[in-house]
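Quantities reported herein were computed from a predicted structural model and do not represent experimental measurements. Below, all heavy atoms of this structure are taken into account, side chains as well, without hydrogens, waters or symmetry copies. Both ligands and their constituent atoms are indexed starting at 1 by order of listing.
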Amino acid sequence: MGMLDADGRILEMRLDFTSGLPEREEFEPGIRRAPNRGQLLNESEIVLALKNALRYIPEKFHSDITPEFLAEYRELGRIYGYRFRPAGKITGRPIDQYKGRCVEGRAFQVMIDNNLDFDVALYPYELVTYGETGQVCQNWMQYLLIKKYLEILTQDQTLVIQSGHPLGVFASRPDAPRVILTNGLMIGSFDTAEGFARAAALGVANYGQMTAGGWMYIGPQGIVHGTYNTLLNAGRMKFGESAENVLGGRLFVSSGLGGMSGAQPKAAEIAGAVSIIAEVDPSRVETRYSQGWVSKRTNDLGEAFSWADVAMSSKQAISIAYGGNVVDLLRYALENGKHIDLLSDQTSCHAVYEGGYCPSGTSFEERTRLLNRDPLDFRRRVDLSLREHFELIKAHAAKGTYFFDYGNSFMKAVFDSGVREIAKNGRDTFDGFIFPSYVEDIMGPLLFDYGYGPFRWVCLSGDPADLHATDKAAMDCIDPSRRFQDHDNWAWIRDAEKNNLVVGTQARILYQDEEGRVRIALKFNEMVRRGQIGPVMLGRDHHDVSGTDSPFRETANIKDGGNIMAEMAIHCFAGNCARGMSLAALHNGGGVGTGKAINGGFGLVLDGSKRADAIIRSSMSWDVISGVARRAWARNGHAMETANEFNARRDDCHITLPFVADEDYLADLVRQINAKI
Ligand SMILES: NC(=O)c1ccc[n+]([C@@H]2O[C@H](COP(=O)([O-])OP(=O)(O)OC[C@H]3O[C@@H](n4cnc5c(N)ncnc54)[C@H](O)[C@@H]3O)[C@@H](O)[C@H]2O)c1
């Protein structure tokens with residue numbers, strides 16, 4: 001195993017240079033490439049960035065490799081170390097095909113490689129999985145070294161990773177995490193988009209998004225179920241609780257066919273709606289169309305709306321990709337009297353000036369050129385476009401459209417472009433925005449407060465039969481008559497295979513609450529124990545009940561003033577480490593941008609052992625219920641209900657519950673006293 005002696009002790013952990021520097025491979029044509037992230041460093045900082053990257057490479061090769069690293073920085077604003085990327089297509093292979101001294105070490109290699117698959121990742125050569133900037137690690141030297149560590153990792157060690165850099169393996173114990181990783185965590189006063197961009201250019205900070213740097217991305221399927229839940233519940237809220245096919249004949253409009261946003265047409269179609277999704281990048285339209293994630297595509301708005309009209313009149317569910325800018329789409333709809341029922345946006349506004357939002361009147365190619373040539377002009381165009389975008393949304397909302405922010409920092413970006421009017425108090429963002437975020441109206445009260453969130457699993461054997469068996473087993477664990485959410489989840493998993501959701505590894509997403517997740521996990525572990533299926537990786541999106549503190553998204557419905565605190569996510573992470581999750585991750589930024597969220601996730605490998613059963617019972621439960629407890633303390637009604645029920649069910653745990661003051665009485669009293677002063 002290379003770096004070990006005959007007794008399995010580690011001799012040294014370095015990249016392998018026995019045959020010199022690796023050959024530099026050609027880039028495969030047709031694979032999307034990341035834009036230039038800007039030239040942010042001065043001369044001495046460029047020297048520092050080069051020195052940092054060279055830490056992975058023996059001194060005798062420095063003069064050969066440095067010009068190449070410098071050229072990468074000049075061309076892309078980052079040093080990716082392309083030469084160290086293994087040639088060809090990387091893909092999450094069956095676990096048996098990986099080397100390793102423990103099942104977790106092999107399992108995480110499957111996950112990492114899936115995150116970098118050409119079919120899965122947004123910019124695979126730049127290690128970006130999704131969300132414009134969400135990377136597995138910073139460069140290919142780190143990738144190789146992480147893989148080496150995972151190959152030698154044992155049950156008595158923990159691998160520590162900081163912003164993609166493997167710091168080393170350290171002695172621990174079998175029921176401690178095998179991997180603890182953090183991404184982009186910064187000291188408060190440097191914790192800004194600018195501070196992060198400089199640190200990333202220096203090679204000391206990685207933007208992990210959520211499941212990119214947490215190695216838990218499962219393709220756009222990961223977001224389909226949440227989007228389906230959001231649309232269905234938005235429909236119920238706006239068009240009638242009891243309607244059979246609540247979205248039949250209704251039009252949903254949004255933008256983005258990227259990593260996560262690409263889930264929108266599929267989710268809308270499963271929910272029974274007609275959808276038109278705008279996308280400026282032709283390659284992404286093609287990808288989603290060829291994967292069957294969108295059923296029709298056109299660059300002509302007249303054609304898009306006429307297809308939509310026909311489908312709406314027959315209540316047929318179809319999804320249409322419009323190859324163009326969402327602002328043009330909204331303007332066209334307004335000028336031509338086209339009514340939109342549900343409206344959202346999923347451009348990458350968390351990275352709005354880094355290319356995440358393409359301004360109207362600027363083609364996708366021009367956007368990429370401007371990012372390189374004239375970032376200030378690009379910024380000006382983005383601000384202008386966001387302001388028009390806002391005016392158009394307002395005009396549609398005035399005609400009865402329900403607009404909701406879909407967790408991409410869109411409203412914050414509009415505010416930052418100079419539109420004070422989008423803030424509720426017209427001044428700052430402390431009181432939120434005039435349009436609801438989907439967490440405030442839908443996902444928070446109806447799902448997170450009960451503990452339902454984006455639980456997922458990957459069948460590490462790579463065998464579709466394992467996924468089929470786990471789907472069936474999960475369905476058997478759900479009582480569809482308990483709550484409407486359980487019914488929705490049961491129907492989801494019943495139809496999941498038919499809906500053809502897999503891109504990359506054999507994975508499944510299923511929103512579940514605390515009880516449901518524990519029950520399903522124990523069931524799967526038993527199936528592994530009996531040899532009915534191969535090992536399984538459990539995980540979740542960080543975008544969950546407990547995993548993320550983010551005032552513009554996950555904690556938007558925490559209204560006790562504590563939505564600006566990051567303690568829930570940090571405790572969730574610490575508790576997951578203490579309880580022995582196989583991997584625990586903590587990140588800055590996530591879906592909304594640096595300094596705007598702290599988010600964490602986990603991976604738990606089911607190997608059929610009794611040890612895994614014990615970890616499931618304590619950590620899977622903690623991972624969900626800690627967030628329910630926090631939400632209950634914020635006086636969220638459904639969370640208090642769930643916490644009460646948990647307290648009654650468990651005599652080994654207890655959640656502190658609040659007394660609820662009468663707000664009208666308090667407001668009156670304060671008004672009266674203030675009047676007297
Ligand atoms: N709500 C959630 O649960 C959730 C989950 C994940 C991500 N997000 C957020 O959603 C956003 C999108 O995520 P993603 O992974 O799809 O990112 P992405 O960058 O892969 O996709 C965004 C897409 O929007 C397109 N686009 C940009 N400007 C446009 C415009 N004006 N008109 C039409 N198309 C335009 C881009 O070409 C790109 O394909 C991110 O900000 C992400 O953080 C939300």
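- In terms of protein heavy-atom proximity, atom 3 (O) of ligand 1 is nearest to Ile223 CD1, 3.1 Å.
- Not a single heavy atom of Pro359 sits closer than 4.0 Å to an atom of ligand 1.
- In terms of protein heavy-atom proximity, atom 17 (O) of ligand 1 is nearest to Ser348 OG, 2.9 Å.
- Salt bridge present: Lys394 and Glu421 bring a charged side-chain N and a carboxylate O closer than 4.0 Å.
- Cation-pi contact between Arg508 and Trp457: absent, since separation from the ring centre below 6.0 Å together with deviation from the ring axis within 45° is not met.
- Heavy atoms of Arg284 found under 4.0 angstrom from ligand 1 belong exclusively to the side chain.
- Relative to the ring axis of Tyr353, Arg379 places its NZ or CZ within 45° and under 6.0 Å from the centre.
- Looking only at protein heavy atoms, the nearest one to atom 43 (O) of ligand 1 is Gly591 O, 2.7 Å.
- Looking only at heavy atoms of the protein, atom 34 (N) of ligand 1 is closest to Val280 N, 3.4 Å.
- Only the side chain of Leu122 comes within 4.0 Å of ligand 1, counting heavy atoms alone; its backbone N, CA, C and O stay farther away.
- One N or O on the side chain of Tyr207 and one on the backbone of Gly593 form a donor-acceptor pair closer than 3.5 Å.
- Summary of contacts: the protein heavy atom closest to atom 39 (O) of ligand 1 is Glu279 OE1, 2.6 Å.
- Taking the centre and axis of the six-membered ring of Tyr289, the NZ or CZ atom of Arg297 falls inside the cone set by 45° and 6.0 Å.
- Both tests pass for Arg33 against the ring of Phe27: distance under 6.0 Å to the centre and angle within 45° of the axis.
- Tyr82 and Tyr125 have perpendicular rings, their planes meeting at more than 60° on a 0 to 90° scale where under 30° would count as parallel.
- In terms of protein heavy-atom proximity, atom 27 (C) of ligand 1 is closest to Gly356 O, 3.3 Å.
- Between Tyr217, Tyr438, Tyr130, it is Tyr438 that holds the heavy atom closest to atom 2 (C) of ligand 1.
- With His543, Arg553, Arg367 as candidates, the residue nearest to atom 4 (C) of ligand 1 on a non-hydrogen basis is Arg553.
- Protein heavy atom closest to atom 20 (O) of ligand 1, with residue, atom name and distance, is Gly259 N, 2.9 Å.
- Counting only non-hydrogen atoms, the option in Cys358, Ser409, Gly589 that gets closest to atom 31 (N) of ligand 1 is Cys358.
- In terms of polar-atom proximity, Val326 is counted as a contact of ligand 1, with an N or O under 3.5 Å from an N or O of the ligand.
- Residue contacts with ligand 1, taken as heavy atom pairs separated by less than 4.0 Å, involve Cys349 solely via the backbone atoms N, CA, C and O.
- A donor-acceptor contact closer than 3.5 angstrom is absent between the side chains of Ser261 and Tyr406.
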